[in-house]
Amino acid sequence: MTHKDLEVYKLSLDLVEDIYSLTKDFPSSENYGLTSQLRRAAVSIPSNIAEGASRGSTKDFIRFLNIASGSLSEVDTQLIIAERIGYVTFPELLKNNINSIKKMLYRLKHALNKKIKA
């Protein structure tokens, strides 16, 4: 089994696609601002899951999952900002996907921590 088999990885790739679609209509003045930040943070989520899984160490994997969680929080916050300044309506489906990924990352980290302690 590789990171590509993890449901959290697959959902985070879907999130990246959603973020790219959502930000394509942001004002061009945001190309180097909020658009870029949102896209980079979103791409960071599956990238860190993949990198952590390939490190060969459970502790490293957990560390990279923590980074992925941080990037997910960035995306969540930046979408709230985009909504507050009127660039987008933060779709309920997207909120649900973010919450699902957040829970999956937490459960995976918890399971890996149990493995270390066993």
Side-chain angles (χ1 to χ4, degrees):
M1 183 159 130
T2 71
H3 64 278
K4 292 177 184 177
D5 300 310
L6 296 171
E7 191 63 29
V8 68
Y9 175 79
K10 294 172 188 175
L11 281 179
S12 65
L13 288 175
D14 293 343
L15 179 63
V16 172
E17 288 181 53
D18 292 342
I19 294 300
Y20 268 78
S21 294
L22 198 65
T23 57
K24 75 179 187 320
D25 294 326
F26 278 20
S28 60
S29 62
E30 286 295 343
N31 283 347
Y32 301 104
L34 199 52
T35 301
S36 177
Q37 279 187 291
L38 258 166
R39 289 177 174 185
R40 280 185 283 118
V43 167
S44 176
I45 300 163
S47 298
N48 278 292
I49 294 168
E51 185 171 356
S54 69
R55 288 290 175 130
S57 154
T58 303
K59 285 184 180 183
D60 276 344
F61 194 10
I62 293 168
R63 186 167 62 86
F64 280 91
L65 291 174
N66 283 327
I67 295 167
S69 293
S71 295
L72 183 62
S73 291
E74 281 185 66
V75 168
D76 191 28
T77 298
Q78 292 162 1
L79 286 170
I80 292 167
I81 292 167
E83 184 173 49
R84 289 180 70 157
I85 59 179
Y87 289 166
V88 69
T89 301
F90 193 168
E92 200 62 36
L93 181 61
L94 197 51
K95 288 179 189 177
N96 292 338
N97 289 349
I98 288 170
N99 286 330
S100 292
I101 294 168
K102 203 174 285 188
K103 288 174 187 174
M104 288 178 171
L105 286 170
Y106 174 81
R107 286 194 303 266
L108 182 54
K109 288 186 289 186
H110 183 73
L112 290 171
N113 272 316
K114 284 175 77 173
K115 180 180 171 185
I116 290 173
K117 293 175 183 171

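Keep in mind that the numbers below use all heavy atoms, side chains included, and drop hydrogens, waters and symmetry copies.
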Once side-chain contact (heavy atoms from CB on, under 4.5 Å) is applied, do any residues pair with Arg107, and if so which ones, sequence neighbours excluded? Lys103, Met104
Reported [atom1]-to-[atom2] distance for the pair [X] and [Y], which is rounded to 0.5 angstrom:
{"X": "Ser69", "Y": "Lys109", "atom1": "OG", "atom2": "NZ", "answer": "3.0 Å"}
{"X": "Lys95", "Y": "Ser100", "atom1": "NZ", "atom2": "OG", "answer": "14.0 Å"}
{"X": "Gln78", "Y": "Ile80", "atom1": "CD", "atom2": "CD1", "answer": "10.5 Å"}
{"X": "Gln37", "Y": "Thr77", "atom1": "CD", "atom2": "OG1", "answer": "11.0 Å"}
{"X": "Leu15", "Y": "Asp76", "atom1": "CG", "atom2": "CG", "answer": "10.0 Å"}
{"X": "Ile116", "Y": "Thr58", "atom1": "CD1", "atom2": "OG1", "answer": "5.5 Å"}

Among the clusters formed by ILVMFWY side chains lying less than 4.5 Å apart, do [X] and [Y] turn up in the same one?
{"X": "Phe64", "Y": "Leu6", "result": "no"}
{"X": "Val8", "Y": "Val16", "result": "no"}
{"X": "Ile49", "Y": "Tyr20", "result": "no"}
{"X": "Leu112", "Y": "Leu11", "result": "yes"}

Give every residue pair that meets the salt bridge (Lys or Arg N to Asp or Glu O under 4.0 Å) criterion with at least one member in residues 46-55, sequence neighbours excluded.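 As it turns out, the salt bridge (Lys or Arg N to Asp or Glu O under 4.0 Å) pairs with a partner in residues 46-55, which skip direct neighbours, are Glu51-Arg55.
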Mind listing the closest non-hydrogen atom pair of [X] and [Y] along with its distance?
{"X": "Ala42", "Y": "Val75", "answer": "N-CG2, 3.5 Å"}
{"X": "Ala68", "Y": "Leu105", "answer": "C-CD1, 4.2 Å"}
{"X": "Tyr87", "Y": "Leu34", "answer": "CD1-CD2, 4.2 Å"}
{"X": "Phe61", "Y": "Ala53", "answer": "CD1-N, 3.4 Å"}
{"X": "Ser71", "Y": "Ala41", "answer": "CB-O, 3.5 Å"}
{"X": "Ala82", "Y": "Phe26", "answer": "CB-CZ, 3.7 Å"}

Does any part of the side chain of [Y], heavy atoms only, come nearer than 4.5 Å to the side chain of [X], both counted from C-beta?
{"X": "Leu38", "Y": "Leu22", "value": "no"}
{"X": "Leu13", "Y": "Ile45", "value": "no"}
{"X": "Arg63", "Y": "Asp60", "value": "yes"}

Taking Phe90's backbone N and O only, do any of them form a donor-acceptor pair with Glu83's side chain (distance below 3.5 Å, no angle check)?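 Such a contact is found between Glu83 side chain and Phe90 backbone.
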N/O donor-acceptor pair under 3.5 Å between Ser21 side chain and Glu17 backbone: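 Yes; judged by distance alone, with no hydrogens or angles, the pair exists.
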Residue Lys4 excluded, over 12 heavy atoms near NZ under 6.0 Å: no
Is Lys115 atom NZ crowded by more than 12 heavy atoms from other residues, nucleotides or ligands, each under 6.0 Å away?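 Atom NZ in Lys115 is not packed in, count stays at 12 or less.
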Applying the side chain to side chain contact (heavy atoms under 4.5 Å, CB included) test to Leu72, which of Ile101, Asn99, Asn48 qualifies? Ile101
